[in-house]
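If you're wondering where the values come from, they're calculated on a predicted model, not measured in any experiment. Numbers here simply count residues along the sequence, with the first being 1.
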Amino acid sequence: QVQLVESGGGLVQAGGSLRLSCAASGRRFGRDVMGWFRQAPGKEREFVAAINWNGGSTYYADSVKGRFTISRDNAKNTVYLQMNTLKPEDTAVYYCAGDRNGPFGSSSSRDYDYWGQGTQVTVSS
């Protein structure tokens with residue numbers, strides 16, 4: 001059983017940056033596709049980014065392409081989401097998730113098997 005713990009959220013002004021981390025426990029982390037999703041109040045959870053098992057392939061939602069970067073360090077069992085040029089519409093709870101059945105990054109939350117508890121990101125205008 002893999003457990004995920006997100007960190008790095010907070011309050012930032014528009015145009016600023018944050019880096020989210022997702023620490024995983026469990027031996028199979030290095031074989032799984034990992035993704036980031038977000039959910040704003042009153043909205044459905046939406047895909048943000050995904051990365052394949054070795055970091056060789058990454059996938060992004062159009063809304064964050066060019067501003068966010070997903071990466072992973074399998075030796076540290078950690079996935080990162082670097083968020084630059086943040087906008088108020090990026091405000092949401094951000095969730096890390098793992099997909100055991102990859103190998104490609106999926107944008108559907110239904111394809112992910114385990115989830116973290118989320119970290120709040122608030123971008124002020």
Side-chain angles (χ1 to χ4, degrees):
Q1 185 78 6
V2 179
Q3 292 185 325
L4 302 175
V5 178
E6 301 96 335
S7 61
L11 174 64
V12 65
Q13 288 188 329
S17 298
L18 284 174
R19 188 175 84 154
L20 305 184
S21 298
C22 172
S25 63
R27 296 174 61 185
R28 67 165 294 122
F29 168 83
R31 292 179 280 174
D32 293 348
V33 167
M34 299 300 297
W36 286 96
F37 288 77
R38 67 186 181 186
Q39 188 166 18
K43 295 188 177 181
E44 293 187 354
R45 191 168 297 189
E46 66 172 358
F47 171 74
V48 175
I51 189 167
N52 77 328
W53 73 275
N54 66 356
S57 295
T58 56
Y59 313 85
Y60 296 95
D62 288 343
S63 59
V64 306
K65 203 171 291 184
R67 299 188 298 122
F68 290 11
T69 303
I70 188 171
S71 61
R72 68 190 297 165
D73 185 340
N74 288 343
K76 296 183 178 179
N77 277 11
T78 303
V79 179
Y80 305 98
L81 185 68
Q82 177 67 44
M83 306 186 295
N84 298 329
T85 320
L86 282 160
K87 304 175 181 180
E89 51 263 44
D90 295 317
T91 295
V93 177
Y94 283 71
Y95 298 90
C96 177
D99 173 6
R100 298 191 186 98
N101 299 311
F104 305 108
S106 171
S107 61
S108 172
S109 61
R110 292 188 294 272
D111 289 331
Y112 289 79
D113 304 295
Y114 52 94
W115 294 79
Q117 293 183 321
T119 185
Q120 175 71 46
V121 172
T122 303
V123 184
S124 64
S125 57

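When all heavy atoms of Leu4 and Ala24 are compared, the pair lying nearest together is CD2-CB, 3.5 Å. Across Asn74 and Asn54, no two heavy atoms sit closer than the pair ND2-CA, 4.5 Å. Of all heavy-atom pairs spanning Tyr112 and Gly35, the tightest one is CE2-N, 3.7 Å. Considering all non-hydrogen atoms of both residues, Phe47 and Ser106 come closest at CE1-O, 3.5 Å. Across all their heavy atoms, Thr91 and Val123 have their closest contact at OG1-N, 2.9 Å. Smallest separation of non-hydrogen atoms from Ser125 and Ala14: CA-CB, 4.4 Å.
Thr78 and Asp73 share no donor-acceptor pair across their side chains, judged by distance under 3.5 Å alone. Side-chain contact of Asn52 with Tyr59: a donor-acceptor pair under 3.5 Å is absent, judged by distance alone.
Atom OG1 in Thr58 sits 12.0 Å away from atom CZ in Arg72 (nearest 0.5 Å). Rounding to the nearest 0.5 angstrom, the gap separating the CG atom in Leu86 from the OG atom in Ser124 is 10.0 Å. A distance of 9.5 Å separates CG in Asn84 from CG in Leu18, rounded to the nearest 0.5 Å. If you take CG on Leu81 and OH on Tyr60, they are separated by 7.5 Å, rounding to the nearest 0.5 Å.
Between Arg100 and Tyr114 there is a side-chain heavy-atom pair separated by less than 4.5 Å. Between Val79 and Ile70, some side-chain heavy-atom pair lies under the 4.5 Å cut-off. At least one side-chain heavy atom of Leu20 sits less than 4.5 Å from a side-chain heavy atom of Thr119.
Aromatic ring centres of Trp115 and Phe37: separated by under 6.0 Å.
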Step-by-step side chain to side chain contact (heavy atoms under 4.5 Å, CB included) determination, Glu6 to Trp36: CA-CA 10 Å; Glu6 301 96 335; Trp36 286 96; 3.9 Å; yes
Candidate pair Asn101 and Asp113, rule side chain to side chain contact (heavy atoms under 4.5 Å, CB included), full reasoning: CA-CA 9 Å; Asn101 299 311; Asp113 304 295; 4.1 Å; yes
Working for side chain to side chain contact (heavy atoms under 4.5 Å, CB included), residues Met34 and Cys96: CA-CA 7 Å; Met34 299 300 297; Cys96 177; 3.7 Å; yes
Candidate pair Ser17 and Met83, rule side chain to side chain contact (heavy atoms under 4.5 Å, CB included), full reasoning: CA-CA 5 Å; Ser17 298; Met83 306 186 295; over 6 Å; no
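Cation-pi geometry between Arg45 and Tyr95 is met: under 6.0 angstrom from the ring centre, within 45 degrees of the axis.
Counted within 6.0 Å of CD on Gln120, heavy atoms from surrounding residues, nucleotides or ligands total more than 12; the atom is thus considered enclosed. Heavy atoms of other residues, nucleotides or ligands lying less than 6.0 angstrom from CD of Glu46 number more than 12.
Take Lys43 and apply the side chain to side chain donor-acceptor pair (under 3.5 Å) test, not counting sequence neighbours, and it matches no residue.
With salt bridges taken as basic N to acidic carboxylate O contacts below 4.0 Å, none links Lys87 and Asp90.
In this structure, the side chain of Arg38 does not engage the main chain of Val93 through any donor-acceptor pair within 3.5 Å.
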